[in-house]
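Report on the structure given below.
Below, read A as the first sequence line, B as the second, and so on, with proteins coming before strands; counting in each chain starts at 1.
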Amino acid sequence: MRPLGDFERAVLLALIRLGDGPYGVNIRQELETRLGRAISLGAVYTTLDRLLEKRMVSTRFGDPTPQRGGRAKKFFTIEALGLAALEQARRSSEAIWAIGFPAGEK
Amino acid sequence: MSRVSDSPRLAQQLLRFLLPMDEVEPTLGDLEEEFLSNAVRAGHAHAIRIYWKEAMDAIFHSAVRGIERNRIPLFAMASGLLGGELLIVSSVLARGPMIFVTYAGLMLVVGLYLRLMRVNPFASRFRLGLGSFMTATVTFYLFVTLILHPHAREIPLLGHVWRIGLMLALGGAASIIIATLTSKDMFPALPVAYIPAFMYAWLIGVRPRSAAVPFFARFVLPFGMWGHEWWYAGLDILLWTVIAYVIVLGMRQRGRRFAR
């Protein structure tokens, strides 16, 4: 499995945090809040599309709403492959940090 | 269910036209939602500005994704551009054997592309083919130029070739746009890469003459040289035939790789 990029990791973690209802707008808001920088919807779509291609996320359409001009939301859900990739990324990151800060050493 | 909004109609039409079909409605919905929220929070003018910015950004990112998915049209553009540039550089530097810088450059691009695509089953075959082609071409060229026809160095060999390279680059760009817009298989889009080169050849008054010339090679030949020296045309037939062959074989291998 190819390692996840930083932004891919952030998007997958945002999907976990947002639970059942993550779609373009609230994923972007969550990322902006957590990462403290402006993020475009396009960047979010691109990353989600890439993760979709890797089968790490799946999509479903919601009901159309008036706030969206009668258009449906496209919801995203993290899949088992996405969770496994996150776990691998976490282990890899911990191993790297352990080089400089080994457990049990002062 | 729908409600009338003042979000920019032109931006919406652009999104409808430029985004893949399955991305249009969710993207328009997200932008609409953001537009209403921004209009309440920061005013109508600000919301319109943000809408346009986000719409352009969505189109840009969608195009990038399209290119990622359609690497072969990207290759068509890259090889056209690189080939054209190499031909210009070699025409500035020297005549004669310097042509092999360009040939080797084009072949290198094809080889790198195949490596990037991880087309391993084909790699050894490609190396063998490339080696044979380059050896045969160098021998033939040196023989013709240096022994039989030393004056051949003075022929403006590269006059039309770099233009064809440029035309291929333009065609490659057009094929990328088509593949990106339609989000379909690259096969319908790839022939577009050759149309400008074909039109250029037609405009300079050259017509394909031999039925033996492979179909792909007819479109990319520097026909302008046809009337000067047949062996140059022969070399280019070989070059472009090999490149077209490699592209087609690469595509098939890619299809197999993804089918697994």
Does any non-hydrogen side-chain atom of B:His61 lie less than 4.5 Å from one of A:Asp49? no

Side chains of B:Leu31 and A:Leu41: does their closest heavy-atom pair fall under 4.5 Å?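 Counting from C-beta outward, B:Leu31 and A:Leu41 do come under 4.5 Å.
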
Roughly how far, to the nearest 0.5 Å, is NZ of A:Lys74 from OG1 of B:Thr27?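 It comes to 7.5 Å.
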
Spacing of OG1 belonging to A:Thr46 relative to CG belonging to B:Asp57, to within rounding of 0.5 Å: 8.0 Å

Check B:Glu32 with A:Arg68, please: is the shortest side-chain N to carboxylate O separation under 4.0 Å? no

Which one of B:Lys53, B:Met56, B:Glu25 has the most heavy-atom pairs closer than 4.5 Å to chain A? B:Glu25

Do you know which two heavy atoms are closest between B:Pro26 and A:Tyr45, and how far apart they sit? O-OH, 4.3 Å

Please determine whether the number of non-hydrogen atoms from other residues, nucleotides or ligands lying under 6.0 Å from atom CZ of B:Phe60 exceeds 12. no

Please check if atom CZ in B:Arg16 has more than 12 non-hydrogen atoms from other residues, nucleotides or ligands closer than 6.0 Å. yes

Side chain to side chain contact (heavy atoms under 4.5 Å, CB included) for B:Glu33 and A:Lys73? Distances and angles first, verdict last. CA-CA 10 Å; B:Glu33 194 177 324; A:Lys73 286 177 184 169; 3.9 Å; yes

